[in-house]
Structure formats: structure tokens, C-alpha cells
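On a predicted model such as this, the values are computed, not experimentally measured, just so you know. Along the sequence shown, residues carry numbers from 1.
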Amino acid sequence: MLAGNIPGQTQTIPMAIYFAVEAGAMNEAWIWVLIIMSISLSGIVATNVWQQKRSHLGETGRRGDGEMGRWGDGEMAEPSFSISSNTSLLVDIQKQLSGFSLEASFNTGQVPLGLLGASGAGKSMILRCIAGVETPTHGRIVLNGRVLFDAKEGINVPSRDRHIGYLVQNYALFPHLTVAQNIAFALPKGLDAATVKQRVAQQLELVQLPGLENRYPHQLSGGQQQRVALARALVTRPEALLLDEPFSALDTHLRTQLEREMSLTLSRYEGVSLFVTHNLEEAYRICENLLVMEKGQVVACGSKQEIFERPATYSVAQLTGCKNFSRAIAIGYQEIEASDWGVRLQVIESIPHNLAYVGVRAHQLIFTDNGDCENTFPCWLASTSETPHRMTLYLKLNSSPAYERDYHLQAEVFKEKWIHLKDRPFPWYVQFNPFRLMLMK
């Protein structure tokens with residue numbers, strides 16, 4: 001998957017791995033673990049092990065200027081590219097995985113794109129294919145007009161020449177290198193010491209870690225390690241920045257702090273940025289556009305407002321956190337029957353011809369004293385669930401529940417609202433705002 005032979009390429013991988021491969025001292029699984037650790041997550045500096053075994057695309061790649069050339073015949077040169085105003089990434093790939101086939105087709109520009117979906121949906125694999133760590137089975141990847149991968153044309157640019165920064169979940173800092181050495185590891189070989197020192201200092205200033213260049217990773221907090229890894233990802237001035245759940249290893253307080261810093265960093269970054277997460281609120285806060293994945297398939301792509309407010313399908317609504325669904329049929333102009341809830345509802349948006357479900361988010365249900373309003377129904381409380389700031393209320397419509405799990409809807413209210421609501425006699429009245437009802441196929 002990473003192009004080139006070991007002889008003549010050892011400057012791109014730790015010597016210990018090279019000799020272990022030559023001596024047959026390690027099995028393939030352990031070699032790959034060390035290879036991934038050895039990748040410069042910013043350049044990415046390629047390990048170049050076994051491409052000829054694993055890829056049928058050959059050693060030929062296309063240079064950024066459009067000329068064909070042979071990769072791996074010397075040290076990596078200082079990137080001469082500049083990110084243009086028409087920054088773009090086009091991805092149209094397929095890759096057969098264990099259990100399902102990954103099929104991803106999308107394009108994005110300078111606005112951060114969030115990849116959202118459950119674990120195992122294929123989000124991280126998309127990043128690995130873009131970075132050159134994995135090779136798609138079919139398809140094409142184009143960054144700023146430069147072809148990185150084309151199965152038909154036999155183009156597969158090695159990862160070190162893709163000009164891509166890649167930040168993985170565990171940061172993969174080298175424990176035996178200082179902060180400065182970890183960041184400098186991503187830089188091209190052959191730069192003079194003064195230039196390296198200046199570039200490292202610039203990145204430490206950017207991530208607010210000046211003065212820590214001589215510390216080792218074990219002397220840093222989790223948040224500091226993440227920022228060092230981000231500095232390494234940015235030091236080569238990449239055309240694209242790939243972020244794979246960068247906050248997953250952090251506690252809640254630190255996540256909040258670093259999420260804000262990441263948002264500011266991305267707002268200044270002029271390249272393409274992809275942000276993988278399965279945290280709904282995190283994706284919404286950081287990314288303007290979202291791509292929703294399910295079992296290797298892109299099921300939605302667009303602005304975050306469009307995807308959250310008007311999900312087209314039941315599965316997309318589920319992935320974006322909706323908890324209330326009912327099977328639905330149209331019974332008139334702008335009127336539907338929600339059969340699982342046992343109610344008829346007036347709607348505002350046009351009813352799709354293939355309507356199958358209606359949904360409403362738990363925080364968008366309205367409690368009212370007026371039972372005569374449109375889309376308002378009596379309800380009884382079956383049970384509750386408490387978080388530090390909110391209460392989740394499990395409600396049954398039109399009749400009292402027979403047991404705790406006998407309910408139709410979940411409603412979420414702040415505790416201040418709950419204090420005024422909990423002592424009211426039943427029935428309560430809950431209203432469905434017609435503007436908030438989601439009609440889905």
C-alpha cells in the first residue's frame with residue numbers, strides 16, 4: 001500500500017523496522033503497527049513497505065505539475081505548492097472491506113467537512129485512503145486539481161508526496177523524541193538546522209506551547225500531546241488536513257477547551273479539512289458541512305442545518321440523534337397519520353410521495369396548558385431519566401401507561417422547566433410544532 005522497495009528508501013522509515021523486515025524477525029501485523037507509528041502524520045512521510053506486494057497500480061505517480069515521474073528515487077523535497085483560492089478535494093472511491101463495501105463519492109472545499117456516523121461506518125478508512133495509507137479498490141482522488149489516485153490510469157501517489165496532514169486518535173507521538181524532534185520529523189530531509197528550528201518554533205507558538213520543545217511526550221498532558229500532534233500535522237503546510245476523532249482520548253473539560261482551539265485553527269487554515277467524529281454536537285459545532293456515513297455508504301451530504309433540520313431518511317435522522325419516530329401515511333393535504341403514536345398531525349412541508357416515517361426531536365416537543373391547540377394531545381408520564389442539566393421524560397399519548405416502558409415519546413426539558421412541570425396533575429398536554437415535524441422516506 002505504500003510505494004517503493006526498502007533498499008534505497010530507508011530514510012523514510014526507522015532503521016530498526018528495516019532490519020527487522022530484512023531479518024524476518026517480525027510478523028506482518030507487528031510490522032504494520034510500527035509502520036503506522038513511523039508515518040509522519042503531516043507530510044505524510046511514507047514508510048514505503050510492501051507497495052509492490054500490496055498494490056497493482058505500479059510505482060508511477062503523477063507529479064503536482066502534471067508530469068509523470070518515478071517516485072521514491074531520492075529525499076523528499078520542500079513542497080513548492082501553494083493553496084489556491086479554489087481549494088478542492090474530490091473523492092470517488094470504492095474499497096472492499098470485511099463485511100461491507102465502502103463507497104464514498106463527494107467533493108469539498110475550504111469549509112471544514114465533518115464525517116459523521118457510527119463506529120465502523122467507514123469514516124476513518126476514507127481518511128486513510130486520502131492520505132495514501134490505504135489503497136482503494138477502484139476510483140479516483142483529486143486534491144486541488146492534482147491526481148493523487150486513479151485506478152484506471154494507474155496513478156497512486158505515495159503518501160509522503162501527497163502534501164496531506166493526518167492526525168490520528170492516539171496522536172502517535174514518538175516517545176523517544178522531544179516535542180521539537182516530533183514536530184521536525186515531519187519536515188523534508190535536507191533543510192538546514194536554522195530553518196527547522198524556525199518552523200518548529202512557529203508551530204509551537206501557533207498551538208500555544210512555546211518553551212516545551214525539549215520535553216518528551218510522557219511529560220505532557222493529554223491536551224498538550226494533542227497540540228503537538230496537530231503542530232506536526234501543520235508544519236509542512238499541507239494542502240489538506242485530516243483529523244480522525246482528535247478528542248476521543250480526552251476528558252470532557254479538556255475536550256471543550258481544545259475543541260474551541262481546533263475551531264479557531266480550522267478557521268485560519270486555508271486548505272481542505274476533514275473531521276471524523278461520531279459525536280453529534282462536536283460535529284455540529286466544528287463543521288459547517290456534514291457527510292453522514294452508514295455501513296460504508298454516504299447517506300447524506302450537505303450543510304449541517306439541512307441535515308439536522310430536514311433529514312431525508314429514517315436512518316439519517318437516527319444518526320443525527322432523533323429519538324422519536326412513527327410510521328406515517330398521508331391522509332389529506334398537509335395531514336398525516338402517525339400510526340405508532342395513534343394521532344393525526346397537521347404538517348407544513350409538502351408530503352413526499354414515498355412518505356414512510358414522521359419524526360420529532362425530543363427537545364422540540366412543547367408542553368402547554370391549552371389542550372385545544374393544533375397538534376396538541378393529552379399525555380401521561382411513564383418514567384424519567386436524569387442528566388446533570390436535563391430531564392428525559394417518557395410520555396404516553398391519550399391514555400395512562402400500564403408500566404414504565406409503555407410510552408410513545410421522549411421529551412427533553414431543562415431542570416428549571418421540570419421543577420414547574422413535575423407537580424402538575426395529569427393529563428399534561430404536549431404539542432407538536434408543525435415546523436419541527438420531519439417527514440422521511
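At least one donor-acceptor pair under 3.5 Å links the side chain of E213 to the backbone N or O of G211. With hydrogens and angles ignored, the 3.5 Å screen pairs no side-chain donor or acceptor of N324 with any backbone N or O of L409. For T195 (side chain) and L191 (main-chain N/O), no donor-acceptor pair under 3.5 Å exists by modelled atom type. N107 places no side-chain N or O within donor-acceptor distance of the main-chain N or O of L90, the cut-off being under 3.5 Å. Without hydrogens or angle criteria, N144 side chain to R146 main chain gives no donor-acceptor distance under 3.5 Å. Side chain of N182 to backbone of T178: a donor-acceptor contact under 3.5 angstrom is found. Counting only distance, with no hydrogens or angles, the side chain of Y269 and the backbone of A240 share a donor-acceptor pair below 3.5 Å. In this structure a side-chain-to-backbone donor-acceptor pair under 3.5 Å is present from Q297 to S101. A donor-acceptor pair is defined here as one N or O able to donate and one able to accept, closer than 3.5 Å; no such pair exists between the side chain of R227 and the backbone of L209. Here the side chain of N375 pairs no donor or acceptor atom with the backbone of L345 at under 3.5 angstrom.
Here the shortest heavy-atom pairing between L290 and F308 reads CD1-CE1, 3.4 Å. For the pair L220 and V228, the tightest heavy-atom approach, listed with the atom from each and the gap, is CD1-CG2, 3.8 Å. For S105 against V298, the heavy-atom pair with the smallest separation is N-CG2, 4.2 Å. In this structure, V347 and P434 approach most closely via the heavy-atom pair CA-CB, 4.3 Å. When all heavy atoms are compared, the tightest approach of T277 to K123 is O-CE, 3.5 Å. The minimum heavy-atom distance linking L365 with Q410 is given by the pair CD1-O, 3.5 Å.
E416 contributes atom CD, which lies 12.0 Å from atom CE of M391 (distance to the nearest 0.5 angstrom). Expressed to the nearest 0.5 Å, how far CG of L291 lies from OG1 of T108 amounts to 9.0 Å. With rounding to the nearest 0.5 angstrom, the CG atom of L212 is 7.5 Å from the CG atom of L204. To the nearest 0.5 Å, atom CD of residue E245 and atom CG of residue L127 are 10.0 Å apart. Interatomic distance, T87 OG1 to L143 CG, rounded to the nearest 0.5 Å: 8.5 Å. To the nearest 0.5 Å, atoms CE (M440) and CD (Q318) are separated by 9.0 Å.
Tested against I155, the residues L148, D150, I141 include a single side chain to side chain contact (heavy atoms under 4.5 Å, CB included) partner, D150.
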Could you give me the CA-CA distance, side-chain angles and deciding distance for I366 and V430, then say whether side chain to side chain contact (heavy atoms under 4.5 Å, CB included) is met?
CA-CA 6 Å; I366 302 168; V430 65; over 6 Å; no

Given the rule in the side chain to side chain contact (heavy atoms under 4.5 Å, CB included) test, do V360 and N433 qualify, once you have shown the distances and angles that lead to the verdict?
CA-CA 9 Å; V360 64; N433 184 336; over 6 Å; no

For Q181 and H176, what are the C-alpha separation, side-chain angles and deciding distance, and is it a side chain to side chain donor-acceptor pair (under 3.5 Å)?
CA-CA 9 Å; Q181 290 168 335; H176 63 291; over 6 Å; no

Set out, in order, the CA-CA distance, both residues' side-chain angles and the distance that settles side chain to side chain contact (heavy atoms under 4.5 Å, CB included) for V272 and L241, then state yes or no.
CA-CA 6 Å; V272 173; L241 183 61; over 6 Å; no

Verdict with reasoning, H408 to Y394, per side chain to side chain contact (heavy atoms under 4.5 Å, CB included):
CA-CA 7 Å; H408 294 118; Y394 297 85; over 6 Å; no

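Checked for salt-bridge contact, R310 and E349 meet the test: a charged N lies under 4.0 Å from a carboxylate O. Comment: R162 does not engage E239 in a salt bridge, judged by the lack of any side-chain N to carboxylate O separation of less than 4.0 angstrom. Note on E153 versus R140: no salt bridge recorded, every NZ/NE/NH1/NH2 to OD/OE distance being 4.0 Å or above.
F100 CZ: more than 12 foreign heavy atoms inside a 6.0 Å radius. The number of heavy-atom neighbours closer than 6.0 Å to CZ of R390, taken from other residues, nucleotides and ligands shown, is above 12. By the neighbour-count criterion of 12 heavy atoms within 6.0 Å, atom CZ of R405 is sparsely surrounded, having that number or fewer from other residues, nucleotides or ligands.
When side chains are defined from C-beta on, R285 does not count as touching S263, because their heavy atoms never get closer than 4.5 Å. Contact check for V276 versus L116: no side-chain heavy atoms found under the 4.5 Å cut-off. Using a 4.5 Å heavy-atom cutoff, the side chains of Y407 and L395 are not in contact. Side-chain contact between R128 and Y166 is present, with at least one heavy-atom pair separated by less than 4.5 Å. In this structure, the side chains of V358 and W341 come closer than 4.5 Å at one or more pairs of heavy atoms. A heavy-atom distance below 4.5 Å is found between the side chains of L89 and L274. Taking the side chain as every heavy atom from C-beta outward, H389 and K415 never approach each other to under 4.5 Å. The shortest distance between side-chain heavy atoms of K95 and T137 falls below 4.5 Å.
Geometrically, K152 does not engage F149 in a cation-pi contact defined by less than 6.0 Å to the ring centre and at most 45° from the axis. Geometrically, K304 engages Y284 in a cation-pi contact, judged by NZ or CZ lying under 6.0 Å from the ring centre and within 45° of the ring axis.
Inspection of the S124 and D244 side chains reveals an N or O donor paired with an N or O acceptor under 3.5 Å.
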